[in-house]
Amino acid sequence: MAKSLNLLFLASAALIVFSFALVSAKKSGDVKELQIGVKGSLTDGTVFDSSFERADPIEFELGSGQVIKEASRELARRFHRDSN
């Protein structure tokens, strides 16, 4: 089973849930790259975006500023062991 992480954000009076699942991780030198699936939904379960449904995971380097700072920090904490 893939590791997963849920983060909650408050945006314009709506609580948004982002669900992340690790697809793959690799490390090259000091660079840690993650490939993750992401689903964005409201607390009532309404999905507004999902890379899972598109079968199109997101790839990024941890700490590069490509994702929200708090999300990057939590993803690194949760998933970075898999990239060693």
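Sequence positions, counted from 1, serve as the residue numbers for this chain. Here the structure is a predicted model, which is why all the values come from computation and not from measurement. Atom set for the values below is all heavy atoms of this structure, side chains included, hydrogens, waters and symmetry mates excluded.
- Linking ILVMFWY side-chain heavy atoms closer than 4.5 Å, directly or via other members, places Leu42 and Val47 in two distinct hydrophobic clusters.
- Evaluation of the side chain to side chain donor-acceptor pair (under 3.5 Å) rule for Asp49 yields Arg54 as partners, not counting sequence neighbours.
- In this view, Gln35 and Val23, Ser24, Pro57, Glu59 satisfy the side-chain contact (heavy atoms from CB on, under 4.5 Å) rule, not counting sequence neighbours.
- Across every non-hydrogen atom of Phe60 and Gln66, the tightest pair is CB-OE1, 3.3 Å.
- Rounded to the nearest 0.5 angstrom, Leu34 CG and Lys26 NZ are separated by 11.0 Å.
- Nearest heavy atom pair, residue Phe18 against residue Val38, reads CD2-CG1, 4.2 Å.
- Contact record, Gly37 with Ser51: CA-OG, 3.3 Å, taken as the closest heavy-atom pair.
- Remark: Ser50 pairs with no residue by the side chain to side chain donor-acceptor pair (under 3.5 Å) rule, at least two apart or across chains.
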